[in-house]
Amino acid sequence: MSKDNFRSGFVGIVGRPNVGKSTLMNHLIGQKIAITSQKPQTTRNRIRTVYTEERGQIIFLDTPGIHKAKNRLGEYMDEVALETLGQVDLILWLVEPSDFSGEGERYIASALKQTKKPVLLVMNKIDTVEKAKVPEFMEMYRRLYPFEEILPVSALRSVNTDSVLDAIFRCLPEGPAYYDEDTVTDQTMRQISAEIIREKALRCLNEEVPHGIAVEITSMKSRRKKPHRADGDRKPEKASEAAEGKSGTGKGRPAYDDPDTIWDIDAVIITEKDSHKGIIIGKGGAMLRRIGTQARYAIEDMIGAQVNLKLFVKVRKDWRDNAYLLKELGYSQSGN
Ligand code: GDP
Ligand code: MG
């Protein structure tokens, strides 16, 4: 990799819930890290992903959408989004293609003005509108804020997404690589696994149990597959409890994707209401099995090794307003 003119920096992705922030980030780094869903506010925590190539290294911070807080989780999510803006070298503001700028947009624009950071406007989902309309919408935003550039894209259909990388590299300063070339995220396997389970649960449950669920991984351990008979009765060794670290294939770390390894994962789906517990478990446990199977496949796919997933359901009333539980589940600033 040429170190000449190597550029690097932190890029915060902001925008209202559901505009496609996670989809774009996943697309740009080429891996599925942040979960996406048709329901807003699926991304609860700040997710950091790393993209490295010849031109430089981009560290993306995917933030929860800025919105009006309704409870403590909401407040925390706002805090994370706003705090992110203060820490980055460049901001990507994602909007949907429309000539409407509402309260949400004005709120974000005023926050951006205070940060005095360079901002790229990404108008996502242009596949959903008439092509001829796009310049008009771009013009409306041009008047709202002095953007470095305005980029119409479709993250879902991969339209013009390379232009986002080009623009980012034009805006970033020269700098070092902060992470190993092969680092993709600083989220732990545990966090990503919990997010996958939550995504599958939200998908399977459809609208029945809205956002009152969280997922906690209570145990994640690896063991060797049963040895062949010739090996006698040897107890299965622990392959690597220490592998509970960063994902990506950082050198020197134990690999997750050892084909002789089985990962035993226990996870609890936490819900606010007794009535929801029944729905999540389903008739004869059918719903929980469905969530578990889908999540297991997705986690196996991600880590490249066999997974044995056990799911439990617990009711914890008002967990979204409980500071202690939020911290325990990784949603508080100090907890990270
Ligand atoms: P976030 O809340 O901003 O992170 O939004 P997500 O990335 O979770 O996306 C929300 C929804 O919008 C998902 O259903 C995506 O598939 C969809 N979406 C994202 N990008 C596009 C796009 O370019 N075109 C269309 N039609 N849908 C998109
Ligand atoms: Mg998201």
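It should be emphasised that the depicted structure is a prediction, and the values quoted were computed from it without experimental measurement. Numbering starts at 1 and runs along the sequence shown. Counting starts at 1 for both ligands and their atoms, in listed order.
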Short version for T23: what comes under 4.0 Å of ligand 1, heavy atoms counted, is both
Logged contact type for T128 with ligand 1, heavy-atom cut-off 4.0 Å, is side chain
Exactly one candidate in L28, L92, L120, V164 meets side chain to side chain contact (heavy atoms under 4.5 Å, CB included) with V11; the answer is L92
State the atoms of ligand 1, each with its element, that fall below the 4.0 Å cut-off from a heavy-atom position in [X].
X    : value
D127 : 22 (C), 23 (O), 24 (N), 25 (C), 26 (N)
K21  : 1 (P), 2 (O), 3 (O), 4 (O), 5 (O), 7 (O)
S154 : 22 (C), 23 (O), 24 (N)

Side chains of I58 and S8: does their closest heavy-atom pair fall under 4.5 Å?
no
State whether a side-chain donor-acceptor pair under 3.5 Å links Y51 with E53. yes
Same hydrophobic cluster for V315 and M287, using side-chain heavy-atom links shorter than 4.5 Å among ILVMFWY? no
Can G15 be said to touch ligand 1, with heavy atoms closer than 4.0 Å?
no
Say whether I126, considering both its backbone and side-chain N or O atoms, lies within less than 3.5 Å of an N or O atom on ligand 1. no
Query raised in the report: Do any nitrogen or oxygen atoms of G20 lie less than 3.5 angstrom from nitrogen or oxygen atoms of ligand 1?
Result: yes
Worksheet item: Is the shortest distance from a Lys or Arg side-chain nitrogen in K277 or E272 to a carboxylate oxygen in the other one below 4.0 Å?
Response: no
- request: Output yes when D264 and K310 qualify as a salt bridge under the 4.0 Å nitrogen-oxygen rule, no when they do not.
  value: no
Hits for salt bridge (Lys or Arg N to Asp or Glu O under 4.0 Å) against D162, two or more places apart or cross-chain, chain-then-number order -> none
Looking only at non-hydrogen atoms, the one of N124, V159, L24 nearest atom 20 (N) of ligand 1 is N124
